[in-house]
Amino acid sequence: IPEEAGLVSPAKVLCLKLGEIQRDQSPSAGCVLLDCRPFLDFSLTHIYESRNVNWNSMLRRRSKSSVVALEWLIPDKSLLGRLRRAEVSAVVVLDEGSGCVAELKAESVGKMLLSALHNESQSQICFLQGGFEGFSEAYPELCYISAGQTPTMEAEPTGTGRRTPAYDQDGPVELLPFLYLGSAFHSSRRETLTAAGITAVLNVSSTCPNFFEGEFRYLQLTVEDSLATDIRACFSTAIAFIDSVKQSGGRVLVHCQAGISRSATICLAYLMHTQRVKLDEAFDFVKQRRQVISPNLAFMGQLLQFETDVLCQ
């Protein structure tokens, strides 16, 4: 019964984030913020440390059950376990700007999430009054805002006379706090890697060397940018490597030669797998950050097949 969720104001959420909670609710302090807005909206701006909740349309159409399981909405298995074990004192659900639970439509992600939490979690369940819109107006300093699109400045010549493409001049782009997309040029510059906090490099090429063996952790997947290449066979290995870097607290640069086709394909597959979003959503998300991405037609076809596998699990 989602109406049983307590209504909290932005100020109360701030208190929860600072740990000012009822200590008898749970042996573990703190709260989790679950943002029900679309992935692209969340990726552009959100409350710091909040988590995005997805319920993709493909899975929704295929579901024959009237009861939505929490695992369908929350892709992060670690967070899912914490919620089920009530290892957080409070769970705050928010959408774009609803003032109360009664305003939520029955088919909305927020309504389904509240029902799933009520069925599967013993934590205190709250709904944020005014949603993200209200919170961001009251506490803009606690909200992340995307840096936006890659600049389109003219290329400058390098010391060897070769010109560095404009899209490579400002370093690799951040897709997630631990995931960066770039080119061989970025991977060859120690100061660029250090400035971004890179600890590992995923080299998705057949010709680019691993420039700093011994200084960074490397995984090389020998892939040709060809219509005959089965890049999908590399997805599981690449995803496991990126996840291992994330779990160790590091940051990984994924690159090929130009950072346009092969490495972009790997990053798209990772986003689809971990965020449970459709290819077009993931593509728009990456395109906003690195405008030049353009996986070849064969790779796009393989990504579409991968989309079906991921979203219909």
Side-chain angles (χ1 to χ4, degrees), residues 1-10 12-13 31-47 49-77 79-84 86 88 90-137 143 271-285 288 304 306-313:
I1 306 175
E3 284 73 10
E4 292 183 1
L7 191 66
V8 292
S9 67
K12 178 61 177 178
V13 171
C31 76
V32 172
L33 275 62
L34 300 180
D35 190 325
C36 298
R37 294 177 301 143
F39 173 68
L40 285 177
D41 292 344
F42 177 85
S43 68
L44 291 174
T45 180
H46 56 262
I47 301 173
E49 298 180 14
S50 60
R51 308 291 190 92
N52 190 222
V53 175
N54 289 293
W55 177 232
N56 68 78
S57 56
M58 186 179 298
L59 184 56
R60 189 181 307 183
R61 288 195 301 269
R62 289 173 177 252
S63 174
K64 297 180 180 179
S65 173
S66 59
V67 178
V68 178
L70 203 55
E71 65 180 325
W72 297 352
L73 298 165
I74 299 177
D76 186 328
K77 301 300 183 184
L79 175 59
L80 178 63
R82 290 176 59 208
L83 291 172
R84 285 175 167 169
V88 294
V91 182
V92 179
V93 176
L94 64 135
D95 63 1
E96 183 61 43
S98 297
C100 62
V101 176
E103 295 181 11
L104 298 177
K105 295 181 179 180
E107 68 275 11
S108 69
V109 175
K111 191 84 164 184
M112 291 186 285
L113 176 60
L114 288 169
S115 295
L117 287 168
H118 178 75
N119 291 333
E120 301 184 44
S121 177
Q122 298 301 312
S123 297
Q124 179 184 1
I125 303 171
C126 307
F127 184 77
L128 178 60
Q129 183 179 25
F132 175 77
E133 182 178 313
F135 188 94
S136 61
E137 289 180 0
C143 298
L271 289 169
M272 292 162 61
H273 177 79
T274 58
Q275 305 299 319
R276 291 184 186 170
V277 293
K278 295 192 295 184
L279 175 57
D280 58 352
E281 291 181 274
F283 188 90
D284 288 345
F285 172 77
Q288 288 173 356
L304 281 170
F306 188 64
E307 174 190 74
T308 301
D309 293 344
V310 169
L311 300 187
C312 295
Q313 283 180 349

* Structure fact -> Closest heavy-atom pair, Gly110 versus Cys36, reported as atoms and distance to 0.1 Å, is CA-SG, 3.7 Å

* Asked: Heavy atoms, side chains only, cut-off 4.5 Å: are Met272 and Leu279 in contact?
  -> yes

* Residue list, side chain to side chain donor-acceptor pair (under 3.5 Å) with Asp76, at least two apart or on another chain -> Arg51

* To do: Take atom NZ of Lys77 as the centre, draw a 6.0 Å sphere, and report whether it contains more than 12 heavy atoms from other residues, nucleotides or ligands.
  => yes

* To do: Name all residues meeting the side-chain contact (heavy atoms from CB on, under 4.5 Å) criterion together with Asp284; count only those two or more places apart in sequence or in a different chain, and write none if there are none.
  => Leu40

* Is there a side-chain contact between Ser136 and Thr45, using heavy atoms and a 4.5 Å cut-off? -> no

* Structure fact -> Residues at least two apart in sequence or cross-chain that pass salt bridge (charged side-chain N to carboxylate O under 4.0 Å, His left out) with Glu133, listed by chain then number, are none

* Student check: side-chain heavy atoms of Met112 and Ser115 closer than 4.5 Å -> no

* **Asn52 side chain to Asp35 backbone, donor-acceptor under 3.5 Å** => yes

* Kindly compute the distance separating CH2 (Trp72) from CZ (Arg276), expressed to the nearest 0.5 Å. => 10.5 Å

* Check whether any side-chain heavy atom of Leu34 lies under 4.5 Å from a side-chain heavy atom of Leu79, and answer yes or no. => yes

* Separation of Cys126 SG from Leu94 CG (nearest 0.5 Å) -> 11.5 Å

* To do: Locate the shortest heavy-atom distance separating Phe42 from Arg37; write the atom from each residue and the value.
  => CA-NH2, 3.8 Å

* Asked: Which pair of heavy atoms, one from Ala86 and one from Gln122, lies closest together, and at what distance?
  -> CB-CB, 3.8 Å

* Structure fact -> Distance col, row Leu104:CG vs Phe127:CZ, nearest 0.5 angstrom, shows 4.5 Å

* To do: Side-chain contact test, heavy atoms from C-beta onward, threshold under 4.5 Å: evaluate it for Val277 versus Phe285 and give yes or no.
  => no

* To the nearest 0.5 Å, how far apart are OG in Ser43 and CD in Gln275? -> 9.5 Å

* **With sequence neighbours excluded, residues passing side chain to side chain donor-acceptor pair (under 3.5 Å) with Glu120** => Arg84

* Asked: Does any non-hydrogen side-chain atom of Ile125 lie less than 4.5 Å from one of Val92?
  -> no

* Straight-line distance of Leu83 CG to Ile74 CD1, nearest 0.5 Å -> 5.0 Å

* Can you tell me how far the CD atom of Glu281 sits from the CZ atom of Phe39, to the nearest 0.5 Å? -> 8.0 Å

* To do: With sequence neighbours excluded, tell me which residues meet ring pair (Phe, Tyr, Trp, His ring centres under 6.0 Å) with Phe283.
  => none

* Return the set of residues passing side chain to side chain donor-acceptor pair (under 3.5 Å) with Ser98 (not counting sequence neighbours), or none when no residue passes. => Asp95

